[in-house]
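This report concerns only the one structure given below.
In what follows, every chain begins at residue 1, and chains take the letters A, B, ... in the order their sequences are listed.
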Amino acid sequence: MDISLVTWNINSVRLRMPLVERFVAEFNPDVLCLQEIKCRTGDFPEKPLRKMGYEHLAVNGQAGYHGVAIASRVPFGETFSREFCGKGDARHIAVTLGSGGDAITVHNFYVPAGGDEPDRSRNEKFGHKLDFLTEMRDWFSGSAKEHSDRMVLVGDLNIAPLETDVWSHKQLLKVVSHTPIEVEHLGGVQASHGWHDAVRAHIPPEEQLYTWWSYRAKDWRAANKGRRLDHIWVSPKLGGSCTAVEVVKDARGWEKPSDHAPIMARFTI
DNA sequence: ATGGTGGTCCTACCA
């Protein structure tokens, strides 16, 4: 089967439905994976999404903060979410797509940002971020595969692992999102299942690539102080099934934008 | 070195 998928930290889905509609009109993905929907499950804008053809919805919402959702034109098998770090945060949702031997599981994550200080003894949020990644690692090396070992993992992982994933490797070494300990923890998650970075398989690691630009820049495009915080990974059994990826940087410049750009990917599975 | 902007929901907290 051929499937197109977008991952996008939307930073309030209700506020940004016009952007979602514009994105769908231009790119027409089969599956939308959204993070930071910032609404309760019951407040998710189901009607406009159904109207656009996304009749299959899996929502893990929360009032005010976090929250993730998958909206799809392809029917789901099962849908499930896991609570990490026993905090009750809505930061994961997963669905299976397709059937039988073709079925794949799509995991959609919103990893904690981690606060400002990259020191867990002084900043609880940083500790939470590292613990969240450790729990992801242990889950994917163990029971997560019971659902399926044909998996796609997407989302805002809030870490830019490569030197070319940030505007200045040197200046960001002590900035949360690019510190060596975070990169090491993310590497642990990646190694736990032999995940392949589908985005960097298509866009060479030598090339600067960002998916997030701060709202605080006067002119985000001119300053271009971006980071690649959003990711698409595929499990070894789906290696090579991702046929195209594109960071839709234009969407960062649309009216009332999210601070994250969407990443669009195509798969032949 | 600091503060810069933008989201939720109404006051501070989070990114």
Might you work through the ring pair (Phe, Tyr, Trp, His ring centres under 6.0 Å) test for A:W139 and A:H107, ending with a clear yes or no?
CA-CA 12 Å; A:W139 191 43; A:H107 289 273; 5.4 Å; yes
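Taking atom CD1 of residue A:I159 and atom P of nucleotide B:dA15, one finds them 14 Å apart after rounding to whole Å. Residue A:R16 contributes atom CZ, which lies 16 Å from atom P of B:dT5 at whole-angstrom precision. For the pair A:E124 CD and B:dC13 P, the interatomic distance rounds to 13 Å; values are reported in whole Å.
Where A:E36 and A:K256 each meet DNA chain B at their nearest nucleotide, the meeting point lying more 5' is that of A:K256.
Distance noted for atom P between B:dA1 and B:dG6: 26 Å (whole Å).
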Tell me, what's DNA chain B's dot-bracket, Watson-Crick or G-U with both distances under 3.5 Å, | for other-strand, [ ] crossing?
....((((...))))
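Here the side chain of A:D230 pairs no donor or acceptor atom with the backbone of A:W212 at under 3.5 angstrom. The closest donor-acceptor contact from the side chain of A:N224 to the backbone of A:G226 lies at 3.5 Å or more, if one exists at all.
Sorted by first and then second residue, the pairs that involve residues 16-37 of chain A and meet salt bridge (charged side-chain N to carboxylate O under 4.0 Å, His left out), not counting sequence neighbours, are A:R22-A:E26, A:E36-A:K38. The salt bridge (charged side-chain N to carboxylate O under 4.0 Å, His left out) contacts involving residues 160-189 of chain A comprise A:K129-A:E182, A:D165-A:R200, A:D165-A:R228, where partners must be two or more places apart or lie in separate chains. Applying the side chain to side chain donor-acceptor pair (under 3.5 Å) rule to pairs touching residues 46-70 of chain A yields A:E46-A:R50, A:H66-A:R91, sequence neighbours excluded.
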N/O to N/O distances under 3.5 Å, protein versus nucleotides 9-12 of chain B:
residue	atom	partner	partner atom	Å
B:dC9	OP1	A:G64	N	3.2
B:dC9	OP2	A:R14	NH2	3.4

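If you check residues 214-230 of chain A against DNA chain B, the residues with a heavy atom closer than 4.0 Å are A:Y215, A:R216, listed by number.
A cation-pi contact, defined as under 6.0 Å to the ring centre and within 45° of the axis, links A:R82 to A:F84.
Residue-environment remark: CD (A:E207) exceeds the threshold of 12 foreign heavy atoms within 6.0 Å.
A:L5 and A:F27 end up in different hydrophobic clusters when Ile, Leu, Val, Met, Phe, Trp and Tyr side chains are linked at under 4.5 Å.
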